[in-house]
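Below is one structure, written out as structure tokens; the observations come after it.
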Amino acid sequence: MKWALLRNGLHQSSGRKAVFITSVVLTTLYAIGQLIGLIALRGHQDAPALVVSVTGVVALGWAALPLFFTGGDETLDPTRLAMLPLRPRPLVRSLLVASLIGIGPLFTLTLAIGSAVAVARTPAAAGVSVLAVPLVLLVCLALARAVAAGNIRLLTSRRGRDLALLSGLFIAVGVQFVNLGIRQLSSPDGLAVLRPLADVLRWVPPASAIDAVRSAGEGAYPLAAGQLALSLVALLLLLWWWERSLTKLMTTPDGSTLQAAPERTAAKAGPAGLLPAGRVGTVMLRTLRYAWRDPKSRASWATSLTIGLLLPVISYVQGNPNVYMACGAAGLLGLQMYNQFGQDSSAFWMVAQTISSPRDAYLELRGRSLALILVALPYTAVVVLGSVALLDRWAVFPETMGLSLGLLGALVATGALASALFPYSIPQDSGYKNVAPGQGGLAWLSILGGMLGGAVLCAPLIALTIWLHQSGSEDLTWLLLPVGAVYGVVVWLIGLRVAAPRTAARLPEILTAVSKG
């Protein structure tokens, strides 16, 4: 069945086949290069620390993969097999064997072989590696399957799709930590910095199986046997958890067979009552609800908020303390103003029915931008305060905050104009596509053009900051806070005034563009 699913999927389109073949070729080349690199480390004093750490990280990746990419493999969803006359235990064995087919298992097997070769120094160690390599692969596969089966009801629900959309956030954050790790490995200590991590992971399956090869090579046979036994016990426990989850899935009802709970009447009181009356307040409430309830919008907001918060911290940890990195928080949130109408998708036609004049368009844009500013102002203040506190440079708070406010106003202004001139559709049927086919050029033009416009609008503030520092008038840099705030408000209002008539005039084109997905 796994071969049939793979073959039929490739027959659906030549593009999918090309992507698959390209992925196989690139993964194979990378795996071969990694294998050669690990073999070259054979005999290096820190090779055991490296292979144990890498094995632990790969196992973590196998555990997290099903949480974000369940839809990539139909056999990860055991509910598809619930109607077949199969018992859980034989099904576990069959799915485990089927899991060996794929790019991921090939990559993991190559990594395990290279790791074993790197630390196997004696015939006894080579013998242990014959057991350790398949054990590493089986533990990783069983871990992925057990996690998928234990959480499949969540992953196939709307909340699960929301989690999948947030995968970009976790990947972006993970890339930053990988970057930090690479910088640490480039230090004079080299691979020695991995020793404390390896001392912990050598007792965590399946990394313990790889370390058993090293233990056997050093003559510590009882230790090697214990580490292999630890990974074997972990494999058996994972298989038991997997079988138990399959039994529960096949014998308990799901949400489709349960009576729906009665709907509750939405309360009208609360923070929503503090919003302005009229169209502006209504648009603000709608925008904030989209940001909270719509999976695409929520993922975009969460990514901007998290990355903006991490930018100053990562810069500090990397040894490049720069308080102006806090301005990135305002910049990332300002980008949320771009493609405002595309974020509504096909629902924008209802909004378009209420826009009959530039005045209506102005109020619509004003409400959307105020909802963004309502979140951006306190968030930017918190990030800037945290940055100056981290670096202990309280004197630069006024200028940093002023520059952030000016940048926010400039990006909101250019975002409103770009939303009217370069709208594009955001597909709602895919968690991994943010631009409809054929509209990639519009997306790049909207974002890059808007960012360049924002940079031009911020040029006066940047020039004023540089002049105050170069002229020795640093005691006057506190003026940048009120100047930046006023400048940001003025640019924001002018941007809305410029974008409103263009929005009203281009409603048919905007409707056509945002409905293509």
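This chain uses plain numbering: 1 for the first residue, then up along the sequence. Predicted, not measured: the structure shown is a model, and the values here were computed from it.
For the side chain to side chain contact (heavy atoms under 4.5 Å, CB included) criterion with L38, the lone passing option out of T110, I113, V51 is V51. Residue P48 is tested with V213, L41, V119 for a side chain to side chain contact (heavy atoms under 4.5 Å, CB included); the sole match is V119.
Remark: side-chain polar atoms of Q340 are not paired, donor with acceptor, to backbone N or O of P423 under 3.5 angstrom. In terms of modelled atom types and a separation under 3.5 Å, the side chain of N339 and the main chain of Y424 share a donor-acceptor contact. Although no hydrogens or angles enter the test, the distance criterion places no donor-acceptor pair under 3.5 Å between the side chain of S404 and the main chain of T380. When atom types are taken as modelled, the side chain of Y30 and the backbone of F107 share no donor-acceptor pair closer than 3.5 angstrom. A distance-only check finds a donor-acceptor pair linking the side chain of Y379 to the backbone of L305 [under 3.5 Å].
Judged as a salt bridge (charged side-chain N to carboxylate O under 4.0 Å, His left out), and not counting sequence neighbours, R42 has no contacts. Scored by the side-chain hydrogen bond (donor to acceptor under 3.5 Å, both in side chains) test, S297 finds D294 as partners (sequence neighbours excluded). Residues passing the side-chain contact (heavy atoms from CB on, under 4.5 Å) test with P205, sequence neighbours excluded: S208, L230, S231, A234.
With values rounded to the nearest 0.5 angstrom, L335 atom CG is found 10.5 Å from L408 atom CG. For the atom pair CZ of R93 and CH2 of W242, the computed distance is 11.5 Å after rounding to the nearest 0.5 Å. One distance of note links CG of L50 with CD1 of I210; it measures 11.5 Å at 0.5 Å rounding. Expressed to the nearest 0.5 Å, how far CH2 of W301 lies from CD of Q336 amounts to 6.0 Å.
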Table please: side-chain donor-acceptor pairs of residues 126-136 below 3.5 Å, with sequence neighbours left out.
residue, atom, partner, partner atom, Å
S129, OG, A126, O, 2.4

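For residues 198-209, the salt bridge (charged side-chain N to carboxylate O under 4.0 Å, His left out) pairs, not counting sequence neighbours, are D199-R202, R202-D211. Applying the salt bridge (charged side-chain N to carboxylate O under 4.0 Å, His left out) test to residues at least two apart or on different chains, none of the pairs has a partner in residues 227-239.
Y338 and T414 share a donor-acceptor pair across their side chains, judged by distance under 3.5 Å alone.
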